[in-house]
Colleague: 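To start, I am sharing the structure in question, which I have written as C-alpha cells.
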Amino acid sequence: MEPESNSCVYGVSQQSLLVAQCRHGREHLCLPRFRRLLTMSKGPIFAEAMTAKIAKGLGMDTDLQNLVVDGAGGVGKAMNGLYMPVGKYKGKPLYKSSSGHDIFYSGRWKIGRVDDGHPIWVYAAEDASGATPPLGAWTTWGYGRGDANPPPRLELGPPPDGVPLKALFAWLFAVQPPGALGEDPDQTAADILLRVAERPEHNVLDEIVGLLSNMAGDDVGRALSPAHPGFYTAEASCEATFPAARLISVEGLGEWVSSCGQHHGDFRIRLTTDLPEVTVHMKMEVGSSTGSAPVPLATYSVAYGRGGADAVVYFTCAKNDDFANAVHFEVVLHAAGSMEGCYRSEDQMYGSIVGRTSCEYRPHLTDVAQFKAKNRVSTWSAAFVELSPEKVLDGRRAGLTSALEWCVPQAVADGKVLLVAVGGAVPAARASLVSRLLMELGDRETRGRWVSQGGHAMEHLPVEMQGMPLPPSSVLWNEFLREIDLAIAEMARWAGKRRVAVVIVEGALVYWLPAVAAAFKLRFFLRASRSEVWRNLSAPPSAAKAPPVGQGPNDVADAGARQAQADELAALFEHILWPSHLAFGQPCGETQVLKVRDGRQPMGGVAHDLQEQAVAVLNEQLTSAIEALSGSRSGRQP
C-alpha cells in the first residue's frame with residue numbers, strides 16, 4: 001500500500017466493526033474481524049490463504065515489522081510514534097512515521113530525517129550495523145545540544161489491523177480472472193465500492209468472499225497438500241475422496257471465544273463414530289486448571305454431513321462448578337482440516353469455537369446411487385426408499401419433538417412407579433437385559449412391566465425392522481407414549497406404602513424425547529461398537545439350521561436373492577441405521593453405560609457380569625425408592 005494509506009490502518013479493530021472509519025475519515029476493512037468471520041463461514045484454511053493473498057496483493061506481506069519509538073524527550077518528543085518500512089536508504093530498510101521522521105542507516109542506525117538525501121539525526125544506536133535497527137535503549141550520540149533527553153527506546157510495533165476499502169476493491173477488481181464478473185463485465189471497482197457503501201457488514205463480507213472465491217482455487221489447493229493415505233490432517237485435501245468416504249475418528253484442537261471477545265480458552269474434542277464416543281476438554285480461562293479431565297456431558301449426539309465428510313457434534317454440559325448454567329454446543333468437524341462451532345448457555349451467554357482437525361476415514365462400503373438405481377422392491381430396498389439418507393435428520397430439523405407432548409404421570413412423580421430405561425442399538429441385547437431385570441423383580445416379589453418401542457414402527461416398514469435404530473420419523477410416538485401411560489397406570493394400582501412397581505421402557509430411541517428421558521429414574525445403555533451391531537443385525541435367523549444351498553437353477557437363484565438382500569441390508573445399515581443411532585440413539589443424563597464386548601457373546605447376548613452389574617444397580621435404586629416412599633408417607637399429617 002501507499003505510505004499515505006498505510007498510516008491509517010492502525011486502531012481500526014478497536015471499533016469492533018467490519019468496515020470502520022480511520023482517523024482521517026477513510027473507510028477501512030477491519031482485518032481481525034474479517035479473518036474471524038471468514039474462518040467461521042469458510043473455515044480456517046480458506047481464511048488463512050485469502051488473508052495472506054490480500055496482504056501480498058496490497059504490499060503488506062513484507063518480513064519487516066513496524067517499529068515504535070517511545071520515551072524520547074525534549075525536542076525529540078515529536079519523534080515518538082509508529083514507524084513503517086517504506087523502502088530503502090543506502091541499501092538498508094527505511095522507516096517513516098506519520099510526522100515525517102525517519103529511522104535510517106548511515107554508518108550506524110539513526111532517528112531523524114533524510115530529506116533531499118542529507119541525513120540529520122537526533123538519536124543513534126552506537127556500534128549497531130545490523131540489517132535492521134536494534135531494539136532497546138538508544139542514545140544521543142552525535143547530537144551535542146543536550147535538549148533531546150531522555151533518549152528513547154525502540155520496540156516492535158503492532159501489525160496493521162485495517163485495509164483501505166478503496167484500495168482493497170481496486171486490487172480485487174484488477175486480479176479477477178476473465179469472465180469472473182458474470183453478467184456485467186464492464187463494471188469497475190468504483191461500482192463495486194458504491195454497491196456496498198453503507199450496507200450491513202454481512203453484505204460487504206459476501207461481496208468480498210465472492211470476489212475472493214473467484215481466485216481461490218490455486219491458493220487453497222496449495223494450502224491443502226496430500227496427507228498420509230487414509231488420514232486427514234490440517235493440510236490434507238479431501239476433494240478427490242469425499243463424499244465417497246465417512247469419518248470414523250476425528251480430533252479437533254482450537255479455542256472457544258465469547259461473543260464479547262473478553263473470555264477465551266483452549267478447546268479439544270475427540271469423536272469416534274465406530275463406538276461411538278465423544279470426549280471434550282476445555283480450559284475455562286487462562287491460568288485455569290480445567291482441561292486435564294474430560295468435561296462431563298449431560299447429553300450428546302452426532303450427525304453426518306456431506307455424505308460423511310463432516311461430522312456435527314451436539315452436546316450439553318450440565319450445570320457444575322465450571323458452568324453456572326447448562327451450556328449447549330454445536331461443533332462441526334470438517335475432513336478438510338477445520339473445526340468451527342458455537343455455544344449458548346441458558347442465561348443467553350454465547351460464543352464461537354474455531355480450530356483444526358485431524359481425521360481418519362473409511363470409504364463407503366455401499367453405493368447409494370447404484371442401490372437406488374436398481375429400483376428393487378425387496379424388504380430392505382422398500383425401507384431404504386422410505387427412509388432415504390436425506391430424511392435421517394428430519395426428526396431434528398422438522399422439530400418433531402415440539403409436536404409431541406407428554407406429562408409425567410402422578411404415580412411416577414410420587415415415586416410409586418419407577419421408570420427404567422434400556423437403550424442401545426442391538427434389539428436382542430436390550431431384550432436379554434430386560435428379561436434379566438424382570439426375573440430379578442420376580443425374585444423380589446415386585447411387579448414389573450416391559451414396554452418395547454420396537455412394536456411401534458410405522459406400519460409400512462417390515463416387521464424385521466422392529467427394534468432397529470431407526471430415525472424418529474419412523475416411530476408412531478403417540479401410540480408408544482399411550483402404552484407407557486397404560487403400563488404406569490396398571491403398575492400404580494399394585495403399588496402401595498412399601499411397594500414400588502417398575503416400568504421398563506426399552507428401545508433404540510428411548511432417550512430421544514426430552515420429557516420422557518427426564519422422567520427415567522434409572523437409565524441403562526448397552527454401548528456396542530459398529531462391528532458388533534452389524535454382526536447382530538446381519539446374522540440370519542436360525543443360521544445354524546439353514547439347509548445347505550445346492551447347485552440347481554432354483555438354488556442358485558435363491559442364493560443370488562439372498563446375496564442381493566444382504567447387500568441391501570448393508571446399505572440400509574451404513575446410510576440409515578447407524579447414522580440414526582449416532583444422531584438420535586445416544587444416552588442422556590446420568591446413565592449406567594454397559595459396554596458390550598465385540599464377538600464375545602452369542603447373538604444378542606449380554607455378558608453375565610454386565611447383567612449382574614445392572615441387577616445390583618436396580619436393587620439399590622429400588623431400596624432407595626421404597627425408603628423414600630415410606631418416609632414421605634409416615635411424615636404426613638393425619
Side-chain angles (χ1 to χ4, degrees), residues 1-16 20-26 28 30-32 55 58-164 167 261-262 286-287:
M1 288 186 295
E2 299 177 355
E4 182 180 2
S5 298
N6 219 2
S7 65
C8 306
V9 298
Y10 294 87
V12 173
S13 61
Q14 298 175 5
Q15 302 183 41
S16 300
Q21 296 286 335
C22 71
R23 64 176 181 270
H24 295 304
R26 299 188 184 96
H28 279 64
C30 176
L31 288 176
L58 297 179
M60 300 168 61
D61 63 334
T62 174
D63 293 332
L64 297 175
Q65 292 184 261
N66 302 311
L67 302 173
V68 173
V69 174
D70 185 46
V75 296
K77 183 177 288 189
M79 298 181 181
N80 290 325
L82 182 69
Y83 288 71
M84 289 162 286
V86 294
K88 290 194 173 183
Y89 179 77
K90 293 187 176 180
K92 294 194 177 183
L94 173 66
Y95 300 79
K96 186 175 289 290
S97 71
S98 57
S99 62
H101 295 91
D102 304 307
I103 299 176
F104 59 95
Y105 182 84
S106 180
R108 51 178 49 84
W109 284 101
K110 303 173 181 178
I111 303 176
R113 290 180 183 271
V114 290
D115 296 338
D116 301 324
H118 300 290
I120 57 175
W121 71 93
V122 177
Y123 304 108
E126 293 189 62
D127 302 324
S129 58
T132 57
L135 303 178
W138 283 43
T139 70
T140 56
W141 180 91
Y143 182 80
R145 297 185 182 180
D147 57 357
N149 288 317
R153 290 184 58 83
L154 188 68
E155 305 291 349
L156 290 176
D161 59 3
V163 174
Q262 297 180 359
V286 177

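Side-chain atoms are counted along with the backbone in the values below, which use heavy atoms only and exclude waters and symmetry mates.
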Colleague: Do Pro119 and Val114 have side-chain heavy atoms sitting under 4.5 Å apart?
Modeller: yes
Colleague: Which donor-acceptor pairs under 3.5 Å do the side chains of residues 71-86 make with protein atoms, sequence neighbours left out?
Modeller:
from, atom 1, to, atom 2, distance (Å)
Asn80, OD1, Gly71, N, 3.4
Asn80, OD1, Ala72, N, 3.0
Asn80, ND2, Ala72, O, 3.1
Asn80, ND2, Lys77, O, 3.3
Tyr83, OH, Met79, O, 2.7

Colleague: If you look at every heavy atom in Trp138 and Gly136, which pair is closest and at what distance?
Modeller: CD1-O, 3.4 Å
Colleague: Which of parallel (below 30°), tilted (30 to 60°) and perpendicular (above 60°) describes Tyr89 and Phe104?
Modeller: perpendicular
Colleague: Compile the donor-acceptor pairs under 3.5 Å between side chains in residues 143-150 and protein atoms, sequence neighbours left out, one pair per line.
Modeller:
from, atom 1, to, atom 2, distance (Å)
Tyr143, OH, Asp147, OD1, 2.7

Colleague: Between Arg108 and Glu126, what is the shortest heavy-atom contact and its length?
Modeller: NE-CA, 4.1 Å
Colleague: According to side chain to side chain donor-acceptor pair (under 3.5 Å), who are the partners of Thr140, at least two apart in sequence or on a separate chain?
Modeller: none
Colleague: Residues in side chain to side chain contact (heavy atoms under 4.5 Å, CB included) with Arg153, at least two apart?
Modeller: Ala137, Glu155
Colleague: Please find the pair of heavy atoms, one from Ser129 and one from Lys92, that lie closest to each other, and give the distance.
Modeller: O-NZ, 2.7 Å
Colleague: Using the test side chain to side chain contact (heavy atoms under 4.5 Å, CB included), find all partners of Leu135 that sit at least two apart in sequence or belong to another chain.
Modeller: Leu67, Leu154, Leu156
Colleague: Using the test ring pair (Phe, Tyr, Trp, His ring centres under 6.0 Å), find all partners of Trp109 that sit at least two apart in sequence or belong to another chain.
Modeller: Tyr105
Colleague: Do you know which two heavy atoms are closest between Gly100 and Lys96, and how far apart they sit?
Modeller: O-NZ, 4.0 Å
